[in-house]
Structures are given as structure tokens and as C-alpha cells.
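Per chain, numbering begins at 1; letters A, B, ... match sequence-line order.
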Amino acid sequence: MAKALLTLQSVHSYYGSLHVLKGVSLHVRAGEIVALLGANGAGKTTTLKTISGLLKPRKGRVEFQGENISRLSAEAIVKKGIAHVPEGRRVFSSLTVAANLELGAFARRDYQAIKNDLQEIQERFPILRERARQLAGTLSGGEQQILAIARALMARPKLLLLDEPSMGLAPRLVKQIFAIIRRLQEAGTTILLIEQNARAALKVADRGYVMETGSISLDGSAAELMDHNEVKRAYLGKGYQEVWEE
Amino acid sequence: MTEYLLHISIISGLYIILALSLNLIIGYCGQVSLGHAAFYGLGAYTSALTAIHWQLPFVLSLPLAAVLAALFGLGLGIPTLRLKDDYLAIVTLGFGVIVDLILLNLEITGGPDGLTRIPPPSLLGLDFRSKVWYSLLVAAAVLLIVGLLYRLVHSRHGRALKAIRDHEMTARVMGINTAAYKIAIFTLAAGLAGLAGSLYAHYITFINPESFGLHTSILILTMVVLGGMGSLLGSVVGAAVLTILPEMFRRFADYQDVAYGAMLIALLIWRPQGLLGVGSISQKFSLGRGKAKKEG
């Protein structure tokens, strides 16, 4: 078994006095896509925020490449190689597409390599080259999501945290986003993925975790989870059948 | 008449510096400060007192005024700007009131009468009692500051500031130390306001707390909003317009406030983003509310 790239050991996080994560433990091995599933309010986004340093865990450990990062600032964690794509396609709308991409490399100092990476990213996502001089706020929803992911790649992350990349996108675009995710994995990026669209997520993922009210209620390989009634229940409640089968 | 025009241009220049510096806070950090005049006042009093009591030359009292105002900005910014929400507006409002009260009540500041006989600058042997030279001095300061800010805004740091303004949390996951940036900008803005205060004190040669109260803070804020938040040129235009227009309305003294108010209302209806700005003030506040709801 490959050594874990990221490990969370019974992590507790709070928003003020609100206890959101109640002992979350999970791990992600290098090269994997791991899906983090669960209903709204289960604590998935909070888990990602805790990993990327936007929230400090009050108890427990977050280990990245064997090092405890739970006390590090968000800036330091980006430098360690974790890039976070927040939910809701948060592009910097008053900046150009190119400036957004360059901001993705903000934590880096190897300016020549950044230039090359920018070229390469624009080749990989030609739409971003076409629209390089356009303000990011004028892009369509799907283009903004591509930009948000491409911007995170500019940090040359070892681990990519994706928060609901398919949210609010048309089915055709959802397919495109998942194709991109699979290509990223092939290129060697490790991904921890939050999705509402559990079926689509489990199709690309190697393994998955299901969260319920602040802790992990289930974990297993993607194939196991796909068949698991618990997953369907955790997600959809009673009467899930028709929605799931669609 | 020339004297009068030069006077207007000097005052415009000072307000341009004040509006530019406040615009850094509002337009580039997305924070609202309601006490900018307090830093202006701190600069004016520091410069005046050191010149009167220690006979400090202008070349020293001016930077000292800027540094002291900046230090107050830093002291205020560190506890406030690390917090997530818009506490800065409340804290700066309170700070403005406190500074006003202190200036009114301390003996050394001369209380409500203020300070008189502030020496004009002595620099390169030029006579700065002449409005011509003084307007050139202010113009040089304005040009220098505009050039400096232009470079800042178009640098890598400027881009980070715009990212913070667009969405702070996302800026943080890019590896931008948002708290440090906001504190640095607030400190810089306070320092520039202090510098403007020093230029004002040595020009007008008598100062009292009245010039540095809430009224002035609101006036500077109005200049920024009129010119457009996040636009350097906008602040220059906004400050110039709001210094010159009231002078023009002076002829119809009875209607001056009416004309002024009507102009602002018209602006908010037809041009809420300001003359040259990108985002409107109402947008800033509604965005703030939406964000708070979502993350809270």
C-alpha cells in the first residue's frame, strides 16, 4: 500500500462555537481520486477548508507528506503543494482570465517556470487562451469552472481539493468537467473531490467517504459505495430510488 | 484672482491625496474607513507641533507626520483588519471621534482654538509663503504619489489587492496573505493622509480640530465614491470636482447645499459606479451581506 499523501486524524473544527467537524479521519494516497460525499451541511466544505488552512482544527491532526500542517497558515499550506478550488466558481471577476491564472501561481517564485506553465495550461484549455484578455466575470459558468481549476493547477499542486466542481452546470458541461478531472489524474495529480453528484463522482473516483453530520459514516472503494444502500440513503433520504436510477 | 485660483488648486491637491489614499482602502481592499480625516489631523498637528516647539525643519516634520499617522493606522489595522467582517468602518468612526475629542481637549493642541503661527516650509531657499511655490510643492507631491500608486496598483501586489477585493477567501487559497496586505495598505493610506495633513498645516499656518472631523471624513468618502472606487484617476477627478464645485455654487450661497445634494442624488441614480469606477458602493454593501449570509 502506498503511503498516504494526506491524512486527517480525528479532526474537530468549529465555526465560532458551532461544532462542525466531530472527529473526521480520512486519508488520500498519492495518485488517487477520492470522493467526499454527503448531504448538505454534513461538513464536506468545512473539511476542505480545514485541510487548506482557512480554518484551524481545534483538535486532531492534518498531515501532508508526513508533516503536521494543522497549525500552518493558508499561505504556507499552498506552498506545501495543496491547491483548493472553492465552491461556486470563485474566479476574480474584475481581473482578466490571464491575470486569474497568474494569481494561481502567487505562492511561487520561479517566474520562468510560471511562464512556461501558463503556456502549457493555455494549450491544455484553449478556451482560456482565446479569452485571455477578457474579464473573468464575463465567462460562462462552465468556462469559469475550467478557469478556477486551471488557476489552481498554476500552483503546481501535489494535491488538488475540488469543492463541487459540477455545481450549477448543464449536464454536457458536467461531463466535460469530469473528463478534465480524469485527465488530471492521468497527469499525476492527486484529487480530493466533493460532489453532490455522487454517481458522477464515484465513476471517476478510486475510493470514497460518506460524511454525515460532521463525521465519516462510511468509506470504501468507489465500486462498493456505488452499490451501497447507505450511500443512497445518506444522500437522498427516503424515496431516493427514482432519483438515483436516473 | 490668481491667488484665489492657486488657493483652490492647492486645496484640490490636498484632497486628491486624501481621496487617493482612502480609495486604496475602499477600492482596492474592499474595506470602508469612516475616519480618514483623523489621520489627516494627526499629520497636521504632528507637523505643526514639531515645527512650533522643536523648530523642526519641514523636511523632517513632513515625514514625521506621515510616519506617525501611519503608525496609528498600523495600530488600528492590526487588531481590526484580521477580523473577517467589516469592523473597520465602526472602528475608524470611533477613532475619528476620539481624535477629534483629544484635539479639542488637550492643552498642547490648543483646544478648540487650535494652533497658530505654523511656519511655512523652508526648502531650497524658496519662499513658500508665495502661493505659486506652494502650489508647485503640492503638485509635485500629488504627481509623486499618483506615480507611486499607479505602479503599486499595476504590480503583482496590486493584482493581489484586486483579488482580495473580488473574493477574500479565494485570495487566501491562492496563497495571498490577505490580512498582511490589508494592514499594509491601511497603514500606507494613513501615512499619506498624514502627509496631506502636514502640507495643509504649513500652508494654512493655523489649524483647529474643525477641519479634521467626521464632516471631512465623509467629504473624502464622497470624493472617492463620486470619482469611482478602485479608479485612481477617478479619485483625482472626484476630489477636484468636489473642491471646485462648491466654490462655483458659492455665488448662489442660499442654494449651495441644495445643488450639492441634488448632484449627489443624480449621481447615485444614474452613475452609481462613480464617474470612472468599476463597482458601485451599493454593490459593495450588498455583496458584503450576501457573503456574510453564505459563509455564516
Side-chain angles (χ1 to χ4, degrees), chain A residues 15-16 18 20 45-46 48-55 72-96 98-109 111 114 135-137 144 147-148 151-157 160-163, chain B residues 23 26-30 81-85 87 153-184 228-232 234 273-274 276-281 283-284 286-288 290-296:
Chain A
Y15 282 120
L18 187 66
V20 183
T45 295
T46 310
L48 288 205
K49 283 187 177 175
T50 305
I51 298 170
S52 66
L54 291 174
L55 273 179
L72 294 183
S73 66
E75 304 91 64
I77 290 174
V78 176
K79 285 186 188 142
K80 296 274 172 205
I82 298 182
H84 182 168
V85 181
E87 132 190 74
R89 303 191 283 282
R90 296 295 191 181
V91 298
F92 300 118
S93 48
S94 72
L95 291 167
T96 63
N100 265 273
L101 289 174
E102 282 165 35
L103 272 168
F106 190 84
R108 292 169 57 185
R109 287 286 183 277
Y111 298 106
I114 291 174
L135 293 184
Q144 290 192 14
L147 174 59
R151 182 182 60 191
L153 294 177
M154 287 295 293
R156 280 201 183 170
L160 189 62
L161 308 175
L162 292 177
D163 195 343
Chain B
N23 197 358
I26 298 179
Y28 288 93
C29 285
L81 289 168
R82 281 147 61 119
L83 301 172
K84 205 178 194 174
D85 297 311
Y87 288 107
V153 166
H154 290 89
S155 70
R156 163 187 156 81
H157 299 302
R159 193 175 280 162
L161 290 172
K162 287 175 197 154
I164 294 172
R165 180 188 61 190
D166 276 2
H167 198 255
E168 185 170 343
M169 190 198 89
T170 310
R172 285 182 65 195
V173 296
M174 299 293 112
I176 297 169
N177 188 340
T178 56
Y181 267 104
K182 287 196 288 187
I183 292 167
M229 296 182 300
S231 158
L232 293 182
Q273 71 273 45
L276 298 161
V278 279
S280 71
I281 187 114
Q283 200 183 18
K284 145 104 191 107
S286 64
L287 267 180
K291 207 167 58 187
K293 216 187 266 170
K294 216 174 163 213
E295 286 172 6

Margin query: As an exercise, state the distance from CD of A:E87 to OG1 of B:T170, rounded to the nearest 0.5 Å.
Written below: 10.5 Å
Check: Side chain, backbone, both or neither: which part of A:A155 has a non-hydrogen atom closer than 4.5 Å to chain B?
Finding: neither
Check: What's the spacing between A:F106 CZ and B:R172 CZ if we round to 0.5 Å?
Finding: 14.0 Å
Next item on the list: Please name the pair of heavy atoms, one in B:A163 and one in A:L103, separated by the smallest distance, quoted to 0.1 Å.
Entry: CB-CD1, 3.6 Å
Check: Can you name the residues that form a side chain to side chain donor-acceptor pair (under 3.5 Å) with A:T96, not counting sequence neighbours?
Finding: none
Next item on the list: Answer yes or no: is there a donor N or O on one side and an acceptor on the other, between the side chain of A:R90 and the main chain of B:D166, under 3.5 Å?
Entry: no
Next item on the list: Decide side chain to side chain contact (heavy atoms under 4.5 Å, CB included) for B:M169 and A:K49; before the verdict, give the C-alpha distance in whole Å, the side-chain angles of both, and the deciding distance to 0.1 Å.
Entry: CA-CA 10 Å; B:M169 190 198 89; A:K49 283 187 177 175; 3.6 Å; yes
Check: Do you know which of A:L54, A:I77, A:T45 has the most heavy-atom pairs under 4.5 Å to chain B?
Finding: A:L54
Margin query: Does any part of the side chain of B:R165, heavy atoms only, come nearer than 4.5 Å to the side chain of A:F92, both counted from C-beta?
Written below: no
Checklist line | A:R151 side chain reached by B:M174 side chain, heavy atoms, under 4.5 Å | finding: yes
Check: If you count heavy-atom pairs under 4.5 Å with chain B, which of A:S52, A:G104, A:S93 comes out on top?
Finding: A:S93
Check: Who are the side chain to side chain donor-acceptor pair (under 3.5 Å) partners of B:H154, not counting sequence neighbours?
Finding: none
Next item on the list: Would you indicate whether the side-chain heavy atoms of A:P86 and B:V173 approach each other to under 4.5 Å?
Entry: yes
